[in-house]
Every structure is written in C-alpha cells, then in structure tokens.
Protein chains: 4
Amino acid sequence: MWLRIDSRSSTPMYQQMIDEIKARIAKGALAPQSRLPSIRELASDLMINPNTIAKAYQELEREGVIEVIRGRGTFVCREQEGAGGAVAASARAQVRDMLTRVLVEAHHVGIPLADVSRELEVLIAGWPEERGRYSDE
Amino acid sequence: MWLRIDSRSSTPMYQQMIDEIKARIAKGALAPQSRLPSIRELASDLMINPNTIAKAYQELEREGVIEVIRGRGTFVCREQEGAGGAVAASARAQVRDMLTRVLVEAHHVGIPLADVSRELEVLIAGWPEERGRYSDE
Amino acid sequence: MWLRIDSRSSTPMYQQMIDEIKARIAKGALAPQSRLPSIRELASDLMINPNTIAKAYQELEREGVIEVIRGRGTFVCREQEGAGGAVAASARAQVRDMLTRVLVEAHHVGIPLADVSRELEVLIAGWPEERGRYSDE
Amino acid sequence: MWLRIDSRSSTPMYQQMIDEIKARIAKGALAPQSRLPSIRELASDLMINPNTIAKAYQELEREGVIEVIRGRGTFVCREQEGAGGAVAASARAQVRDMLTRVLVEAHHVGIPLADVSRELEVLIAGWPEERGRYSDE
DNA sequence: GTGGTCTAGACCACA
DNA sequence: GTGGTCTAGACCACA
C-alpha cells in the first residue's frame, strides 16, 4: 500500500494525503520528478472514492507541489523554491504562526517551552536531507 | 472589542475563539481566576449568535481551561495541570507531530530548517511569563 | 462550617445540600429530631444566597426528610419509613435503575462487574448503623 | 422506534439518548462496529430536532463510545478501553460515589441495605455478556 | 448520501 | 443577572 490513510480520523482523508505526500517530499522520500500513482490506481489501492484522491492531487497542484502532465501522469515538481519578497514574508508569518500554536498547546498540557525547543532540535538533527540551503541571514 | 473573529475564515468561529483564548492564557494576557465576558455580552459585542459563543466556552470548559460558576459567570481556571504519566507521553507526541508539520511546511515554502529553529528561539525569548517550570530532563 | 459546598461543581448547590444532608441522616451523623441550622445562619456561614438554602430545605421537606416547625426551626423527621405497597415498588424500581446506571458506567470505564459488587459489600460493611431493619424477604 | 425519549423528563433529551445508547452497548444489545441511525433518520423517527441528536452523538464520540466516519455514518467503537493507571483510580472513585448515593437513597425510602446488595447480584447475574474480564484482585 | 456550523429566537434552571 | 436546552431551518464540507 503506497499510502496509509485513516478513514476514522477527524482530519479529512484528502487532507491526510496532502500532508503525507508533502512530508515525504520534504524528507526526500519522494524525489523531484518522480511519478505519483494515478488516481485510479491509488483509489483502488486504498479502496477510496477516486474523487477524494482527485481533490488531494488538485490541491497539491494548486500549491505547486506536483504537476499533472496530460496523458503522462502526475509528477513531483522539480523544486519548490519559496519566492523572495512579499511571498516569503507571508510564508514566514505562517511558520511563526504555527510555532506559536505549538507553544500555546505546550503551555496548556504543561510542557516547558524549553522542551519544545529541544524537541525541535532533535527533529532537525534527524532530518534526512537538507541539501545546502542558505539561511537568509 | 474583546476578541477579534474572522467570520469568513475557513476555521469555524467557535474554534477561533478557543484558539485565541487559550493563546491569551498561555501568554499571561488572561490571568487565572479572571472573568470572561458573559455569553450575551460577547455575542452582542461580536455580533455573533450566543450559541456560537456557548459552544466555544463549553469546549474550553471540557478541556479544563475555564470553569463556569452557576449564575456568576465564566472564569479562567486556577492552574493548568502539569503533564504527568500517560497524558504526558501523548501530549509530547502531539507536540512532536505539530513541529514535524512546521518543518514540512517550511521546506515547501523554501525556508531553511535552521531558520525555523531560530524563529522558535525568538518566540520563546519573547514569551511573557514562563514561571519556573522544570524541564523533565 | 456545617456544610461543605462546591460552587464550581456542575451539580447545583441546592442539590449538593440535599444530597449531603440525606447522606448524613442515612449514616446516622444527623440524628432524627435534631435541629438544622436556620436558613439565615447557613446562608451567612456558606456565603450563599438564602434562596438557595431555602430551595434545598423545601425539597427536603417535600420528600419528608425534614420538617419545618413555625417559629421553632427545622428538624430531621423521626423516621422515614418507606411505605409498603405501591410506593415501595416504585422505590425499588428507582434503586434498581440507579444500580443499572452504575453497571453501565462501570462497563464503559472497563471495571469488571464483579468489582462493583465487591465495592458495594465494602461500603455496606462499613455503614455506620443499620438498626435492625428486616429484609422484606 | 429505535429509541424511546421522554420529552417531558427533567433530564435533557440529549442526555437520555446518551444514557440509553451507553446502556445498550454495555448490555451487548448494540454490538461493536454496528451502525447507528443517521442523525436525520433518528431525528425524523423521534420527531426531534437534528441538532439535539447531533449533540448526543458528539458527546458520545468525545467519550470514545462511538466514532464518526465521514460521509459514511456513525458506528459503535470496537473496544472500550480497560481501566488503567490514574484513569482507573478516578473511575473507581466515581463508581464508589454512585454506589454510596444508592445506599443513601435506599435508606431514605426504607429499603434495607442487604436488599440493595441482593438486587445488584440479580442484575449482574442477568447481565447479557461479561466476556472474561479479570477482576484486578 | 453523511455530519458540522451557524443563526434567530424561545424557554428554562440556577443564584 | 448567569449559562443550558431545544427548535426550525439555512448552508457547507466530505465521500
């Protein structure tokens, strides 16, 4: 089974697919240019309505993560480089926002903020491939 | 206006309220024991149906964040419990999960992971009050 | 403080008073004929609205547990003997209903029914005074 | 009629539904995995507003008794968790509390405590299925 | 088809 | 005054 989806989860199935595919790409488990299963394949594989797969793929395409080439299939885009300037600013704002949420949640379950920081370091240290990007400092 | 809600957002209004109130408490902007506006007050303030406010308050009460005192009003709880035992494990797993999401998202918008880490440090440094909790190291 | 009431509890304060007073009588901590504090005394003692006390006392009087004697005060009734016949049947039905609830709850939290039974035996064994009533067998 | 609800009862209708459904599951009358009627079905069946049914279902889901599968319907959960750790302790305390209430009530209606005990034995003996749980002795 | 969100408004219980 | 329950009905997201 190419993908593992939990139909009982509260996050919609199409969203789970989006998250999982983006995660694989980010971790290098899905290389740029590589081909994704067709909607039909995946639908019968997961025993899920094809419309659900289609919705996930459409959203991924809209985000510029994958691209559909008529008659050939669906592929991971070469590079998703965050654009500079205004777009970058909003992207950073979004990341900051997500981090704030993590801290708020940590507070309410009684986890010290320092532990959150340490946890992040561990995750980054174990991250598969961070191919020579430069910090924008 | 006590709270700012975006009725056009895709996240439900009641969820926005929950998030915002938890954030304020976590940041110390809403002190323990302090009183929240009554459902009717907030409803007329935000021009939102009272049922929507009630739903948010009920969920916050269920989470142990606020408490209702009959006929008197709604108040921020004294203390959010420290993480202990099985609860702590799942809470930490959740935090790790949220952090992973942040890293995945950062990758896709082209933000170096080191920048995410730095951003987190900045947020923690500016966090209003972290009253002497101990890391569990 | 004669009585301990939790204003934060989800069970109404007047109901807590009813439960507690009935429990004390059942356990012999409040003897028949003994005098209860006046509404005013209790209200100022607990810093609670007198109307709330009055409501509890009224309900207890309606149930035949206490009696108000004009100008003298409020007293625990001599004996609350369950009447025979039809009343007894409905009383037994109520008890059976409560026991069923306990078993349902026990099931859902994963407590074996045998443990519930054992727990009940322990409670009965430690019951202060069961003055020679006869089982109706 | 799948469910019997008393709209004149002082216990809210949604609470009656919760109690009844949990009771059926505990007695094995509603098997794990089995499907509950849809909100709309049940609403028109009972001539009750769908929102009221939804509230009951949501609470049951929160308690981990049933689960919603998107677009498919609502189902009884596979297994109710066994009581372990801190949860177990508070669960047992709650059961003890409920039993105490029963004894207090029995006293006041004149039912000997021994009869309560016997009644419980009868209920347990007639309990549909108690599939090999172990007492924690 | 399924459940989730929200409104406008009535009525009730509690303090 | 406070919050809780319920209705009738609209509209939306998901599968």
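Treat the numbers as computed from the prediction; the structure is a model and nothing was measured. Note on naming: letters A, B, ... go to the chains in the order of the sequence lines (proteins, then strands), and numbering restarts at 1 for each one.
With hydrogens and angles ignored, the 3.5 Å screen pairs no side-chain donor or acceptor of A:His108 with any backbone N or O of B:Val65. Judged purely by atom type and a 3.5 angstrom limit, C:Ser9 has no side-chain atom pairing as donor or acceptor with the backbone of C:Asp6. A donor-acceptor distance shorter than 3.5 angstrom exists from the side chain of B:Gln16 to the backbone of B:Thr11, with no hydrogens or angles considered.
Position along DNA chain F of the nearest nucleotide to D:Gly71 versus B:Arg72 favours B:Arg72 as the more 5'-ward residue.
Counting to the nearest Å, the C1' atom of F:dG3 and the CD atom of B:Glu59 are 17 Å from each other. In this entry the distance linking CD1 of C:Ile53 with C1' of E:dC14 reads 14 Å, nearest Å. Rounded to an integer number of Å, the gap from CZ of D:Arg70 to C1' of E:dT5 is 13 Å. Atom CD1 of D:Ile39 is separated from atom C1' of E:dG1 by 13 Å (rounded to the nearest Å).
For F:dG3, the base has no donor-acceptor partner in the side chain of B:Asn51 [N/O atoms by modelled type, under 3.5 angstrom]. Side-chain atoms of B:Asn49 and base atoms of E:dA8 include a donor and an acceptor less than 3.5 Å apart. You'll find a donor-acceptor pair under 3.5 Å spanning the side chain of B:Arg40 and the base of F:dG3, going by distance alone.
Considering only side-chain N and O atoms, A:Ser7 lies nowhere under 4.0 angstrom from the phosphate OP1 or OP2 of F:dA15. Between B:Lys55 and E:dC6 there is no side-chain polar atom (N or O) within less than 4.0 angstrom of OP1 or OP2. Of the side-chain N and O atoms in A:Tyr14, none sit less than 4.0 angstrom from OP1 or OP2 of F:dA15. Contact between the side-chain N/O atoms of B:Thr52 and the OP1/OP2 oxygens of E:dT7 is found at a separation under 4.0 Å.
Picking from F:dC6, E:dG3, E:dT5 the nucleotide with the shortest atom distance to the side chain of D:Gln58 gives E:dT5. Counting only heavy atoms from C-beta on, D:Glu61 has its side chain closest to E:dG4 among F:dG4, F:dC6, E:dG4.
Cation-pi contact between B:Arg24 and B:Trp2: present, with separation from the ring centre below 6.0 Å and deviation from the ring axis of at most 45°.
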